Colleague: 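Below is one structure. I have some questions about it.
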Amino acid sequence: MPGTARYRSGQRWPVVLPLLVALLGGGCRSEATLSARDQRIQVLTTTGILRDLAANVGGDRVTVTSLVPDGADAHSYEPSLRDIRDVVYADVAFSNYLLLEEQAVIKALDANLRDGVPNVSLAEGAVKYAAEIIPLVEDVSLDTIWLGMRVRGTGAALGANRSSEMLLSATTVDGPGRMVAYVTESFGNPSFAVDSGDGFDASNGYRDDTTTLPPDAHTHMSWAFTKPGVYRLSLRARLAVDPRTAPVPMGEQVFTFAVGVDPHSVPGMSETLDSGHADLTVDIDQRRLYLLADPEGGGEATQKVYDPAHTVIGVPNKALLEIPGDRRFRFLGRPGTQVYQLPQAVLGKHVHGEIDPHLWQDVRNAIAYTQLIRDTLIGVDPEGAATYRANASAYIRQLEKLDTYVRDTIAQIPPSRRHLVTTHDAFGYLGQAYGVRISGFVTPNPAAEPSLADRRRLTETIRNLRIPAVFLEPDLAARSTTLTEVAHEEDLRICPIYGDAFDRDVTTYVEMMRFNAESLRTCLTTEK
Ligand SMILES: [Zn+2]
Ligand SMILES: [Zn+2]
């Protein structure tokens, strides 16, 4: 599922559609597998889009396969044993990185590529080829705090790299009820970061209450509390630089929550955090934990450090919600009883950094990727240099035409109508490069009934801007979300757009970008 992990589903408990699950399970992997017997250069990519770019440059001299199958979500796909075999046979590997891929994919590459095999992060490397990067904008507005966990710093001074992991372990929770922090995965199944209900087991290293994050990343999760009162969570951080050495202690900290009670009533506390994006943060350089919060919502520019010894995280009474009937939420309690919950606010596993990783949505960035792929293949296979140069030039000419086509096509949309309303935040580059405003992500809260205020906000955005259509990735169009519901109510079209992955209908990068431009033009220009 393209981008399911970051799908902002609307404010409902996630619904599993058996059909979608079936599609997911049957996602078509690229046919090729890598082999030691094949005399061609064995090229491994993470995603299908990168596979297509590499195949265009490599031509007949290479065999290319991708780890993430078409139709699967790059943000959450975990490699299989068969995938590891491909890694072992690869002569060169291309990832996007910037935390696009699930960390397990990156670790599989970094741990299993043979010595000396180039392991290229295209999004990072392409900057030297004039690719432009932009920050990831998180514009979720909730009426409660949006709370996650974060690692600040790269840990390079400690020898950490992109495969390293921070282990964030809850060691105790004191409070009147249970505290459960959990991530709702793409199809609604919860995975637990903290669960005070089954105790904390020091003998297994707090394994069941540990969240792992790569350096310089953060993740979003839901926080549920079964009773009102004050809760104190002890969190311990250790940095696992690599699998062979013992994790390095990064400190321990107590975080205080005022649940349904006045935060000012907690003794010794001078600050309350009850709005904006905030993370329980471990700072690698300072080896300490604190709260990093952004109450003003300005991103990195307005983030501030709060000392957990004097700061209460407020969980107000408006965070009360009824546990739904769906059995996957039975861990919270009996359906119909109430819990306090801070929402994860994005559907699916959502680990990311400060930079938007979806660079290819600007065709000029794909040209930079192509140039880096060309130069990398020449390094691996110098005899093929002339072929790679010729293939890359021909493909770049196609991409230049594509860039013009996308720009001209979008330019045919009246400027006042160039609004992309969608749920997956994959289109920042498209917006910036081709003059489309990314307007009104659905206010997301996958673990609660839609709030009327959220719905009203979306409806007003659509009416005020006179938006004729909303956009969803094809696999998700059938799924009922606040976005599709409001679209039906307002009699808007629901149109397809591709983000991170191909499917049966769109199988190349050029097709994908043409399709997106045409879909925007058709749906935003004409009335339903
Ligand atoms: Zn994405
Ligand atoms: Zn985030």
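Residue numbers count from 1 along this sequence. Note that the coordinates shown come from a computational prediction; the quantities given were computed from them, not determined experimentally. Note that ligands are numbered from 1 as they come in the structure, with each ligand's atoms numbered from 1 the same way.
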Colleague: Any idea how many protein N, O or S atoms are nearer than 2.8 Å to the Zn ion (ligand 2)?
Modeller: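 Protein heteroatoms (N, O, S) closer than 2.8 Å to the Zn ion (ligand 2) number 5.
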Colleague: Are Tyr434 and Asp403 linked by a side-chain donor-acceptor pair shorter than 3.5 Å?
Modeller: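 Checked: Tyr434/Asp403 side chains pair up, N/O donor to acceptor below 3.5 Å.
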Colleague: Assess the side chains of Thr45 and Arg51: does a donor N or O sit below 3.5 Å from an acceptor N or O?
Modeller: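 Short answer, no.
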Colleague: Tell me if a side-chain donor or acceptor on Tyr509 pairs with a main-chain N or O of Trp360 at a distance below 3.5 Å.
Modeller: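 Present.
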Colleague: Check whether the side chains of Tyr429 and Asn365 place a donor and an acceptor atom closer than 3.5 Å, and report yes or no.
Modeller: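 On atom types as modelled, these side chains do not qualify, holding no pair under 3.5 Å.
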Colleague: Can you check whether Tyr369 and Phe94 have ring centres sitting under 6.0 Å from each other?
Modeller: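 Distance test on ring centres: not under 6.0 Å, no.
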Colleague: How far apart are the closest heavy atoms of Pro357 and Tyr97, and which atoms are they?
Modeller: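 Closest approach of Pro357 to Tyr97: CB-O, 3.8 Å.
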Colleague: Quiz question: by atom type and distance under 3.5 Å, do the side chains of Asn516 and Ser519 form a donor-acceptor pair?
Modeller: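 The answer is no; no qualifying pair exists.
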Colleague: Of all N, O or S atoms in Asp500, which has the smallest distance to the Zn ion (ligand 1)?
Modeller: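 For Asp500, the N/O/S atom sitting closest to the Zn ion (ligand 1) is OD2.
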Colleague: Looking from the Zn ion (ligand 1), what is the angle between NE2 on His358 and NE2 on His75, to the nearest 10°?
Modeller: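 It is 110°, given to the nearest 10°.
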